2 protein chains.
Amino acid sequence: MSRERAIEVADELRAVITAIRRRMQAEGPTDAYTASQLNVIANLAKHGPSTVTLLANVESMRPQSMGAIIATLESIGVVTGSPHPTDGRQTLWTLTPKSADEYNAGRDARSNWLYSAVSTGLSSEQLEELDRSLAALRRMLEK
Amino acid sequence: MSRERAIEVADELRAVITAIRRRMQAEGPTDAYTASQLNVIANLAKHGPSTVTLLANVESMRPQSMGAIIATLESIGVVTGSPHPTDGRQTLWTLTPKSADEYNAGRDARSNWLYSAVSTGLSSEQLEELDRSLAALRRMLEK
DNA sequence: ACTGCAAAGTTAGCCTTGCTAATTGGCGTA
DNA sequence: TACGCCAATTAGCAAGGCTAACTTTGCAGT
């Protein structure tokens, strides 16, 4: 395969990523949650109760940074923490019932820019193709 | 098409984007240029001399922010500015010959994390599929 | 020619996000 | 029981991009 081609696509990937990121940031204030908050919510919904440190590892982020995100989510009633049954150092965080319901119902979808852009801007075929590319990128990240 | 499916893919898109972004940031110091700087360099290489305001528009960014990026690139000798021949308000920025050569030779590819990840982590088919998805995302951004 | 407004760019100050360093308190093993 | 490890928190910092306000230049209407 052509190295030139890889450079071209990487250029475009970088440009699109930065553009989407800035757009998410710009639309942020009107959205219910920030990107990082949504990542945490999705993680808790998919994998159940987690500690701050575990969430930080999943997101390739420092525990201190994740701690700040969790603190914000707690203050607005999205997550609650309970002490680990046997290990007093740990706190296990879960979505509140209300937030879990909202997530499962996809209720925040309408208030989040990326969700509505994806659902109204991409065809069914484009959606599946994007999903395959994302899977490839994820594997790329793991190396 | 399923709205649920769109939500799933958007979730994954957001997660992958934030992961790549953090990774680029983390690898940044060892890279030659930041993501924003590379975006500007690619733009100048593809579309020729531009003003700060034009570059800012292309990148969906404020002129003040782009001004700072250009100032940095000028200080390290990557771009040079010259007055617009007829409009005294504008300054036209171009890549220095050395930088243009480097860009065309893809010489910075080896020193940039994203380039090397893409070229070694994706197959030729995955590369083309990704390129199609990026085109779809770009159209999505323009709405 | 003169007045007045638009457009390019700059300076100053702020906010957000994630980082490192250092501390506290619980855990577990020699 | 003492010592080192691990979860979490607090404090301070840097990068990136934002708004607000100002200067200079160009242009259009009278």
Side-chain angles (χ1 to χ4, degrees), chain A residues 14-15 17-40 49-76 79-93 113, chain B residues 14-15 17-40 49-76 79-93 113:
Chain A
R14 177 173 30 69
I17 282 179
T18 57
I20 292 182
R21 214 194 113 260
R22 275 197 287 261
R23 184 68 171 268
M24 281 196 290
Q25 183 107 341
E27 307 273 347
T30 65
D31 281 359
Y33 305 110
T34 68
S36 292
Q37 290 174 342
L38 285 169
N39 283 340
V40 170
S50 307
T51 64
V52 165
T53 300
L54 179 60
L55 286 169
N57 286 340
V58 171
E59 291 291 316
S60 304
M61 178 184 281
R62 301 298 162 193
Q64 300 96 310
S65 307
M66 183 56 73
I69 295 171
I70 289 290
T72 305
L73 287 176
E74 185 188 23
S75 74
I76 58 178
V79 301
T80 52
S82 50
H84 190 283
T86 63
D87 189 337
R89 294 168 301 180
Q90 301 183 29
T91 303
L92 287 170
W93 296 94
W113 170 77
Chain B
R14 177 172 30 69
I17 282 180
T18 57
I20 293 183
R21 215 196 114 258
R22 274 197 285 261
R23 184 68 171 270
M24 281 196 290
Q25 183 105 343
E27 307 272 347
T30 66
D31 282 358
Y33 304 110
T34 67
S36 293
Q37 289 174 342
L38 285 169
N39 283 339
V40 170
S50 306
T51 63
V52 165
T53 300
L54 180 59
L55 286 169
N57 286 340
V58 171
E59 292 292 316
S60 305
M61 180 185 280
R62 301 297 160 194
Q64 299 96 311
S65 308
M66 182 56 74
I69 295 171
I70 288 290
T72 305
L73 287 176
E74 185 188 23
S75 74
I76 58 178
V79 300
T80 52
S82 51
H84 189 283
T86 63
D87 188 336
R89 295 168 302 181
Q90 300 184 30
T91 303
L92 286 170
W93 297 94
W113 171 78

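Per chain, numbering begins at 1; letters A, B, ... match sequence-line order. Just so we're clear, the structure is a prediction, and the values are computed from it rather than from any experiment.
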Going 5' to 3' through nucleotides 16-21 of chain D, assign each nucleotide B (protein heavy atom under 4.0 Å from a base atom), S (under 4.0 Å only from sugar-phosphate atoms) or - (no protein heavy atom that close).
SSBBB-

Closest non-hydrogen atom pair, Thr91(B) against Gly81(B)
CG2-CA, 4.0 Å

Please identify each residue that fulfils side-chain contact (heavy atoms from CB on, under 4.5 Å) with Arg22(B), with sequence neighbours left out.
Ser36(A), Asn39(A), Glu59(A), Met61(A), Thr18(B)

To the nearest angstrom, the CD-C1' distance between Glu74(B) and dT10(C) comes to 13 Å

Would you compute the distance between atom CD of Gln90(A) and atom OG of Ser50(A) and round it to the nearest 0.5 angstrom?
10.5 Å

CD of Glu59(A) versus P of dC19(C): gap in Å, rounded?
11 Å

Would you say Thr53(A) reaches dC6(D)'s phosphate, i.e. side-chain N/O to OP1/OP2 under 4.0 Å?
no

Heavy-atom pair with the smallest gap, counting every atom of Ile70(B) and Val79(B):
O-CG2, 4.0 Å

Residue Gln37(B) excluded, over 12 heavy atoms near CD under 6.0 Å:
yes

Would you tabulate the nitrogen or oxygen pairs shorter than 3.5 Å linking the protein to nucleotides 23-26 of chain D?
unit_1: dG26(D); atom_1: OP1; unit_2: Gly88(B); atom_2: N; d: 2.5

Which heavy atom of Trp113(A) sits nearest to which heavy atom of Asp31(A), and what is that distance?
N-OD2, 3.2 Å

Could you tell me which non-hydrogen atom of Val52(B) sits nearest to which non-hydrogen atom of Met66(B), and how far apart they are?
O-CG, 3.6 Å

Heavy-atom closest contact (Leu92(A) atom, Pro85(A) atom, distance):
CD1-CD, 4.2 Å

Whole-Å distance, Gln90(A) CD to dC6(D) C1', equals 9 Å

Separation of His84(B) atom NE2 from dA7(C) atom C1', in whole Å?
13 Å

Nearest-Å distance, CD (Glu27(A)) to P (dT16(C))?
17 Å

